[in-house]
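Note sheet for the following structure.
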Amino acid sequence: MTDTPTETPDTEEILEKVYEPKAVETKWRALWEEHGLGTADAMSEKPPFTMVIPPPNITGALHVGHALNTTIQDILARYKRMKGFSVLWLPGIDHAGIATQNVVERELAKEGIDRHALGRDAFIEKVWEWKERYGSTILNQQKRLGASCDWTRLRFTMDEGLSKAVREVFTKLYKEGLIYRGNYIVNWCPRCHTALSDIEVQFEETDGKLYYMVYPIVDSDGAKGGVKSLTVATTRPETMLGDTAVAVNPTDERYMDLIGKKIKLPLTGREIPIVADEHVSAEFGTGAVKITPAHDFNDFEIAGRHSLESINILDINAVLNENAHKYEGLDRYAGRKKVTEDLDALGLLEKVEPHKIMIGECYRCSTVVEPRLSRQWFVKVKPLAGPAIEAVENGSTAFVPKSWEKTYFEWMRNIRDWCISRQIWWGHRIPAWHCEECAHITLPDGEADPVLCDGCGSDKIAQDSDVLDTWFSSALWPFSTLGWPETTEDLAKYYPTSVLSTSFDIIFFWVARMMMMGLKFRGEVPFKEVYIHALIRDFEGKKMSKSKGNVIDPLIMMDEYGTDALRFTLAAFAAQGRDIKLAEERIAGYRNFCNKLWNLARFTLMNVDENSEEAGTETEGISLADKWILTKFADCLQTVEEALDAYQFDTAAKALYSFVWHELCDWYVELIKPDLWGDNGEERKAKTAGVLLVVLRDTLKLLHPIMPFITEEIYANLPVEKDGRGLHEEEFPVAIGAYPEETKELDSIMEVIGAIRNLRTENNVKPGASVESTCQIDGAAARDTLQRGAEYIERLARVSSITVTPTGERPLDSVSIVVSGGPEVFISLKGLIDVEAETKKIEGEIAKEIAERKVIEGKLSNSSFVDKAPEAVVAKVRARLMEINEKIEKLENGLERIRGMGK
RNA sequence: AGGCGCGUAGCUCAGUGGGAGAGCGCUUCCCUGACACGGAAGAGGUCGGCGGUUCGAAACCGCCCGCGCCUACCA
């Protein structure tokens with residue numbers, strides 16, 4: 001390939017022809033870590049910028065939602081670092097109690113081991129072993145994305161420090177009466193064998209049935225009209241075994257006389273009362289509701305109001321228990337079948353109708369949850385929610401986009417007590433000790449576990465066997481990770497955090513709870529802003545899920561297209577307030593962009609040397625094209641900066657894309673090639689090479705937060721002063737200069753180039769052939785501009801000669817285009833003109849312009865427009881009218897001449 | 001049922017009171033000394049519908065239609 005080794009090295013030796021991300025990414029990941037890129041310095045004088053990563057589930061693997069959120073945070077972290085902040089981006093993972101326990105139990109099951117046989121301590125040891133082996137998977141995947149977290153401050157919710165925070169918070173809340181224990185109905189997962197909080201249940205609309213069951217009334221003779229029975233409607237007939245009442249609305253005339261009477265419950269023979277309750281809707285079903293307090297949330301509340309008994313008919317597996325008598329041992333669905341069959345046989349099943357119902361499923365294992373009565377720990381949330389609501393109302397914490405505040409308020413204002421106990425082993429064990437002798441609950445005072453009962457002094461106390469909801473520890477994340485409850489430098493420097501980036505579905509689980517805990521225990525909001533990013537869906541707008549098989553795996557995408565391409569895609573689609581429909585072609589498109597940038601760098605390296613940077617920094621004597629690109633760069637810089645400050649990642653990405661591809665590559669590089677080849681002297685060559693280098697250097701800085709790998713690699717190859725710094729350590733660039741007048745000039749020259757190119761294509765001129773061109777325009781200044789651009793026009797439009805004249809005779813054998821507000825542009829075709837086509841084209845043009853003129857004239861003849869619209873607008877419209885008139889005149893002249901040629 | 005959001009070029013989406021835009025796809029031509037993961041030139045839209053406000057509406061307001069999501073105790 002290289003045959004002239006004595007000359008400047010062949011470009012192939014500098015950079016590959018096509019960008020190959022793999023090696024570059026591996027190299028820079030290692031170097032960044034070596035350089036301590038993300039390591040924060042709490043002693044720094046710089047202002048702090050803090051983010052805590054939403055800790056991913058330790059059992060998880062990176063999905064495209066993580067990839068988006070990690071990318072967003074990394075863009076912010078790198079941007080803020082370059083802007084001079086002391087950035088702490090703190091990474092971590094949560095212990096995911098239920099999910100992790102499930103995973104480890106499944107592993108053990110393969111070896112035929114049950115956790116109960118193993119025992120609690122041994123099992124937990126197994127979980128830690130598992131964590132050591134697999135727990136870093138997702139962290140490594142985040143590193144692969146380029147995440148510039150402070151990996152020296154990595155935290156895990158089960159760390160000693162964080163566990164200390166959990167115990168401190170639990171104890172304090174209990175002592176203040178904000179944590180209590182009680183027997184309530186909760187969501188129960190019959191597969192995970194634990195209680196779940198309200199929001200851990202996901203509702204799915206399902207095709208269910210509404211069963212109408214006949215309940216005989218005891219002593220019906222006394223009732224008016226001799227009513228002998230009552231029909232109730234239910235979606236869960238099997239629960240009738242646990243019915244303890246039937247309720248009707250007190251104002252429902254159909255049933256008024258029955259209130260206070262009794263039902264003889266079929267199949268069991270129990271007698272239960274008919275009660276009146278406001279909650280019952282007379283319109284739905286039959287207006288009479290069976291009440292099963294142990295297995296329905298509403299029924300539980302109604303039971304409370306009427307002091308009804310609760311009969312639990314299901315065990316922890318949702319299998320009917322001894323209270324279900326002869327149905328004992330059937331699971332809930334088999335029980336349903338048998339109960340309905342038996343009722344039907346007795347003639348007590350009136351009818352069955354199809355009915356849509358919302359069924360709750362466990363968010364970890366999708367098993368249908370069972371409302372179940374049990375003793376659990378709860379956080380009394382209302383007193384904590386108040387300040388958390390206020391903090392958002394008064395702007396201490398702001399949501400971006402703001403519309404999410406409504407969701408937050410909605411939930412916070414209707415919040416119910418939070419069930420925090422879980423009947424599993426993996427997690428923070430509840431720091432409460434029960435006394436065998438007096439039933440008193442003893443809490444630790446300090447770090448040591450209590451040994452004696454606070455109440456009676458007995459030493460027969462045992463720690464509660466439940467663990468806390470994982471989200472309980474997550475709620476402390478913004479301050480527990482900084483060292484709380486110790487007083488630390490990190491806490492002083494970096495709390496409250498600056499922004500939390502997360503997805504909307506986590507507002508309830510996490511954001512709201514962090515707000516409550518942060519305010520309660522730090523007296524300050526945990527973050528000043530909450531950026532709610534988009535949800536990623538597949539190309540059809542469906543939620544991605546493994547079962548649908550429509551997931552886009554970010555790891556595969558990184559393999560195939562490069563990490564920068566994936567990151568850029570995610571940024572470019574991260575418009576606020578809208579879901580992202582992601583398709584693989586998008587990523588391929590931005591892979592091409594990476595390659596474009598790469599080749600721009602190759603081109604630059606071929607044309608610059610170690611003196612170029614200095615030459616480019618001094619703007620004296622630079623060319624029209626140089627001034628143009630510096631101006632466009634300044635515009636791009638401003639757009640990117642404003643966009644990133646406002647979390648408009650799509651705007652930033654698109655501005656960069658269009659600047660690099662269309663302005664830098666398509667125009668500037670093409671314009672300056674003759675300069676770089678020395679056609680216009682050595683001085684010009686050196687100057688332009690300088691501007692090219694400096695613009696590329698600063699463009700890399702702008703791009704770096706979004707595409708860290710490729711920009712770092714190119715930057716390392718540029719002959720610019722680095723002082724041993726990598727791009728990630730550089731400051732964000734500032735504009736070198738802006739030249740609006742010259743930029744306008746070159747823009748108008750480009751329009752002429754566009755016009756000539758258009759004429760060439762329309763008239764089938766071979767791409768290689770040169771043509772003669774004439775530009776006619778009145779006004780010396782306009783002609784000067786074109787004259788100054790003559791070289792550019794000749795080169796980029798392949799014109800052999802260009803003549804600039806005032807408006808006048810049409811050149812022989814030519815076709816033309818009128819540039820609005822610019823010249824009439826001709827190219828000569830020497831007898832190759834298709835007169836008919838040309839005539840048609842011009843006629844079409846004229847028709848279009850006349851139509852527009854009509855609209856504009858209409859505006860101007862409307863006195864209220866002229867009077868009321870701002871002057872600038874009216875002036876603009878007037879100028880436009882002149883432009884159009886001029887254009888029409890030229891077109892008409894042209895048409896006349898063309899017609900003459902046809903004869 | 002309530003809340004939020006969306007409906008702009010074939011597809012994905014910007015635009016949010018004064019001349020309809022981008023990317024991808026498509027058509028035609030071109031391997032010109034950074035790049036075919038490329039270059040040049042094009043075609044393509046009653047801005048969901050109907051009313052209203054305004055000199056002026058894709059944008060603001062109201063209603064309607066369609067779609068999505070979240071919340072909810074109609075069993």
Side-chain angles (χ1 to χ4, degrees), chain A residues 11 15 17-19 203 210-211 232-236 239 247 279-292 296-302 355 357-358 401 403-404 406-407 410-411 414 504-505 507-508 535 537 539 541-543 561 565 572-573 575 577-583 585-586 588-607 650-651 654 657-658 661-662 665-666 669-670 673 677 754 757-762 764-768 796-798 820 852 855-856 859 862-870 872-874 876-877 880 884:
Chain A
T11 50
L15 297 179
K17 193 170 172 180
V18 172
Y19 174 56
F203 287 91
L210 197 56
Y211 299 80
V232 298
T234 182
T235 55
R236 300 199 54 195
T239 62
H279 168 263
V280 179
S281 156
E283 284 77 45
F284 187 85
T286 62
V289 192
K290 60 190 271 315
I291 302 297
T292 323
D296 184 281
F297 283 87
N298 298 313
D299 293 2
F300 180 75
E301 280 175 27
I302 292 175
H355 184 67
I357 40 172
M358 297 295 277
S403 54
W404 289 109
K406 279 198 175 174
T407 305
E410 179 67 19
W411 192 65
N414 299 312
F504 76 88
D505 52 348
I507 291 177
F508 304 150
L535 195 74
R537 301 172 178 284
F539 67 102
K542 293 197 189 106
K543 233 173 169 168
Y561 303 105
F573 280 81
R578 185 186 264 278
D579 291 344
I580 298 175
K581 287 184 199 168
L582 191 63
E585 300 91 83
R586 299 281 91 87
Y590 289 110
R591 185 264 321 260
N592 296 352
F593 177 64
C594 291
N595 196 51
K596 190 73 182 175
L597 179 67
W598 186 255
N599 276 284
L600 171 66
R602 287 181 80 219
F603 175 79
T604 304
L605 289 173
M606 290 166 70
N607 289 287
D650 60 325
T651 306
K654 281 167 188 166
Y657 184 96
S658 132
W661 202 307
H662 301 303
C665 293
D666 287 350
V669 163
E670 294 307 326
K673 275 177 178 172
W677 294 341
R757 284 170 168 177
N758 177 293
L759 285 171
R760 296 176 61 109
T761 306
E762 297 274 300
N764 299 315
V765 178
K766 286 267 169 259
L796 295 190
R798 286 229 176 198
S820 290
E852 202 186 335
V855 173
I856 287 181
K859 273 190 181 180
N862 180 345
S863 62
S864 47
F865 170 71
V866 180
D867 293 346
K868 291 184 183 172
V873 172
V874 178
K876 213 169 144 191
V877 174
R880 175 83 185 119
I884 287 184

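Every chain is numbered from 1, with letters handed out A, B, ... down the list of sequences.
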inquiry  = Taking the C1' atom in each of B:C6 and B:C47, what is the distance between them to the nearest angstrom?
reply    = 14 Å
ask   = Between A:R757 and B:A41, is there a side-chain N or O to OP1/OP2 distance below 4.0 Å?
value = yes
query = If the sugar-phosphate is the primed atoms plus P, OP1 and OP2 and the base is the rest, what is the B/S/- string for nucleotides 21-31 of chain B, using protein heavy atoms under 4.0 Å?
reply = --BS----SS-
query = Is there a donor and acceptor pair, one atom on the side chain of A:R602 and one on the base of B:C35, closer than 3.5 Å?
reply = no
ask   = Between A:N599 and B:C37, is there a side-chain N or O to OP1/OP2 distance below 4.0 Å?
value = no
note = From NZ of A:K868 across to P of B:A57 the rounded distance in Å is 14 Å
task = Could you state the atom-to-atom distance from CG of A:N862 to P of B:G56 in whole Å?
result = 7 Å
inquiry  = Rounded at 0.5 Å granularity, tell me how far CG in A:N298 sits from OG1 in A:T292.
reply    = 11.0 Å
ask   = Can you tell me how far OH of A:Y590 sits from OH of A:Y561, rounded to the nearest 0.5 angstrom?
value = 14.5 Å
inquiry  = Between P on B:G39 and CG on A:N595, what's the gap in Å once rounded to a whole number?
reply    = 10 Å
ask   = Are the side chain of A:R760 and the backbone of A:R798 linked by a donor-acceptor contact shorter than 3.5 Å?
value = yes
ask   = Under a cut-off of 3.5 Å for both distances of each Watson-Crick or G-U pair, what dot-bracket string does RNA chain B give, using [ ] for crossing pairs and | for inter-strand pairs?
value = ((((((((.[[[[.)..(..]]]].(((((.......))))).....[[[[[..)....]]]]])))))))....
task = Take atom NZ of A:K859 and atom P of B:G18, then tell me their distance rounded to the nearest Å.
result = 10 Å
ask   = What does A:W411 touch in the nucleic acid at a heavy-atom separation under 4.0 angstrom: a base, only the sugar-phosphate, or nothing?
value = nothing
Restricting to nitrogen or oxygen on both sides, can you table the protein-nucleotides 43-46 of chain B pairs closer than 3.5 Å?
none

request  = Give one of base, sugar-phosphate or nothing for A:K673, where a contact means two heavy atoms less than 4.0 Å apart.
outcome  = base
message = Before we go on, tell me: are the rings of A:F297 and A:H279 under 6.0 Å apart, centre to centre?
response = no
task = Give a yes or no on whether a donor-acceptor pair under 3.5 Å exists between the nucleobase atoms of B:C74, that is its base, and the side chain of A:S281.
result = yes
ask   = In whole Å, what separates the P atom of B:U53 from that of B:A57?
value = 11 Å
key: A:E410 CD to A:W404 CH2 distance, which is reported to the nearest 0.5 Å   = 13.0 Å
request  = Under the side chain to side chain contact (heavy atoms under 4.5 Å, CB included) rule, what do A:T239 and A:D296 come out as? Steps first, then yes or no, please.
outcome  = CA-CA 9 Å; A:T239 62; A:D296 184 281; over 6 Å; no
query = Are A:K581 and B:C11 close enough that a side-chain N or O sits under 4.0 Å from OP1 or OP2?
reply = no
key: Gap in Å between the two C1' atoms, one belonging to B:A34 and one to B:A41, rounded   = 22 Å
ask   = Heavy atoms under 4.0 Å, any strand shown: does A:C665 hit a base, just sugar-phosphate, or nothing?
value = base
task = Pick base, sugar-phosphate or nothing for A:V669, based on heavy-atom distances below 4.0 Å to the nucleic acid.
result = base
task = Specify the separation, in whole Å, of atom CZ of A:F504 and atom P of B:G3.
result = 18 Å
task = To the nearest Å, give me how far apart CG (A:L210) and C1' (B:A75) are.
result = 8 Å
B:A75 to B:C67 separation - P atoms, rounded to the nearest Å = 23 Å
key: Partner set under ring-ring contact (aromatic ring centres under 6.0 Å, His included) for A:F508, not counting sequence neighbours   = A:W411
query = Looking only at atom C1', what distance separates B:C74 and B:C64, rounded to whole Å?
reply = 28 Å
ask   = Is there a side-chain polar atom (N or O) of A:K596 under 4.0 Å from OP1 or OP2 of B:G39?
value = yes
inquiry  = Applying a 4.0 Å non-hydrogen cut-off, can you work out what A:Y561 is touching in the nucleic acid: base, sugar-phosphate, or nothing?
reply    = nothing
task = Check ring-ring contact (aromatic ring centres under 6.0 Å, His included) between A:Y19 and all other residues, then give those that pass, not counting sequence neighbours.
result = A:W598
request  = Round to a whole Å and report the spacing from CG of A:D505 to C1' of B:U71.
outcome  = 14 Å
ask   = Touch check for A:F300, heavy atoms < 4.0 angstrom, all strands: base, sugar-phosphate only, or nothing?
value = nothing
ask   = Taking only N and O in the side chain of A:H355, is any of them less than 4.0 Å away from OP1 or OP2 of B:C74?
value = no
task = Figure out the CE/C1' separation between A:M606 and B:C35, and round it to whole Å.
result = 11 Å
inquiry  = Distance criterion of 3.5 Å, no angle test: do you see the side chain of A:E670 paired donor-to-acceptor with the base of B:A34?
reply    = yes
request  = Answer with base, sugar-phosphate or nothing: what part of the nucleic acid does A:D867 contact at a heavy-atom distance below 4.0 Å?
outcome  = nothing
query = Does A:Y211 have any ring-ring contact (aromatic ring centres under 6.0 Å, His included) partners at least two apart in sequence or in another chain, and if so, which?
reply = none
